[in-house]
Amino acid sequence: MNAEGRNNPWERLRERERQKERERQKERSAAAVQPVQRVRLDQPQFKRRGWLPEYDPEAFGRTSEKIARFLGTGRFIVWMTVLIVVWVVWNTTAPPHVRFDQYPFIFLTLVLSLQASYAAPLILLAQNRQDDRDRVNLEQDREQNERSIADTEYLTREIAALRMGLGEVATRDWIRSEFQELIKEMEQRRVFPAESEERDR
């Protein structure tokens, strides 16, 4: 570029445009060299981390069932009764400076309400899981009953076909009776022709 072109603002603007176009060409060639990252359908995607904590629903459900089973036992009632009796006795007979819950037992009421508010959803969750298992077992029993009915109907048809086929098959007694009739008939034919010849004479 000569001195006149350097001083001309239009030439400088054109030169900048050319420089930008060269840089774009370099970026395109560099992007063409890098492999394009595609979504693969044959591989599982990694889960993105969310704001909420993650937990295993099956493990949570199993734990809730264990807790619900324990809440429905006599052992839980006995331990709860012992705890409440000790709580009330301690807060009524202990020296006033070591009592932590005075007579209306508001803290005890709060603890029992908190326990009930957690126990109810856990029991409902355990019941829902049991209902799901019962539904699956019922479906499996229904399918097994349908297969048993189909097998029974098939065997019934086969037995009926065998009986019909055996009705047409010659048995040993039938063949024996037929032979006896044939023997009698042949004996009668031998006897009667001789008598008829004597009569003719």
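In what follows, every heavy atom counts, from backbone to side chain, and hydrogens, waters and symmetry copies are set aside. Residue numbers count from 1 along this sequence.
Note on Leu124: it does not cluster hydrophobically with Leu122, by side-chain heavy-atom contacts below 4.5 Å among ILVMFWY residues. In the hydrophobic clustering of ILVMFWY residues, with side-chain heavy atoms under 4.5 Å counting as a link, Ile84 and Val111 come out together. In the hydrophobic cluster analysis, where Ile, Leu, Val, Met, Phe, Trp and Tyr join through side-chain heavy atoms closer than 4.5 angstrom, Ile67 is grouped together with Phe70. Under the 4.5 Å side-chain heavy-atom criterion for grouping Ile, Leu, Val, Met, Phe, Trp and Tyr, Trp87 is connected to Tyr103 within one hydrophobic cluster.
Between Phe60 and Leu125, the closest side-chain pair of non-hydrogen atoms falls below 4.5 Å. Between Glu181 and Glu185 the shortest side-chain heavy-atom distance does not fall below 4.5 Å. Side-chain contact between Gln25 and Arg22: absent, with no pair of heavy atoms (C-beta onward) separated by less than 4.5 Å. Two residues are said to be in side-chain contact when any heavy atoms from C-beta on lie closer than 4.5 Å; Trp90 and Val98 meet this criterion. Taking the side chain as every heavy atom from C-beta outward, Arg157 and Tyr154 approach each other to under 4.5 Å. Glu21 places none of its side-chain heavy atoms less than 4.5 Å from the side chain of Arg18. Between Leu182 and Glu178, the closest side-chain pair of non-hydrogen atoms is not below 4.5 Å. Counting heavy atoms from C-beta outward, Ser113 and Thr109 have side chains that approach closer than 4.5 Å.
Note on Glu65 versus Arg62: no salt bridge recorded, every NZ/NE/NH1/NH2 to OD/OE distance being 4.0 Å or above. Glu17 has no carboxylate O lying under 4.0 Å from a charged side-chain N of Arg14, or vice versa, which leaves the two without a salt bridge. Glu187 and Lys184 are not joined by a salt bridge, as no carboxylate oxygen comes within less than 4.0 angstrom of a charged side-chain nitrogen.
A distance of 12.0 Å separates CG in Asn137 from CZ in Arg142, rounded to the nearest 0.5 Å. A distance of 11.0 Å separates CZ of Arg133 from CG of Asn128, quoted to the nearest 0.5 Å. Taking CD from Gln144 and CD1 from Ile149, the interatomic distance works out to 11.5 Å, rounded to the nearest 0.5 Å. Interatomic distance, Glu153 CD to Ser148 OG, rounded to the nearest 0.5 Å: 11.0 Å. From Glu143, atom CD reaches atom CG of Leu138 across 10.0 Å, with rounding to the nearest 0.5 Å.
Ring orientation note: the planes of Phe107 and Phe100 are nearly perpendicular, at an angle over 60° on the 30°/60° scale.
Residues passing the salt bridge (charged side-chain N to carboxylate O under 4.0 Å, His left out) test with Arg135 are Asp132, sequence neighbours excluded.
If you run side-chain contact (heavy atoms from CB on, under 4.5 Å) between Leu108 and each of Leu110, Leu112, Ile106, only Leu112 comes through.
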> For Arg172 and Arg176, what are the C-alpha separation, side-chain angles and deciding distance, and is it a side chain to side chain contact (heavy atoms under 4.5 Å, CB included)?
Replying inline: CA-CA 6 Å; Arg172 184 176 59 186; Arg176 187 175 290 157; 4.1 Å; yes
>> One pair to check against side-chain hydrogen bond (donor to acceptor under 3.5 Å, both in side chains): Gln130 and Asp134. What are the steps and the verdict?
In response: CA-CA 6 Å; Gln130 186 62 41; Asp134 291 343; 3.0 Å; yes
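Shown here is Arg75, whose CZ atom has no more than 12 heavy atoms of other residues, nucleotides or ligands within 6.0 Å.
Judged by distance alone, the side chain of Arg99 and the main-chain N or O of Thr92 form a donor-acceptor pair under 3.5 Å.
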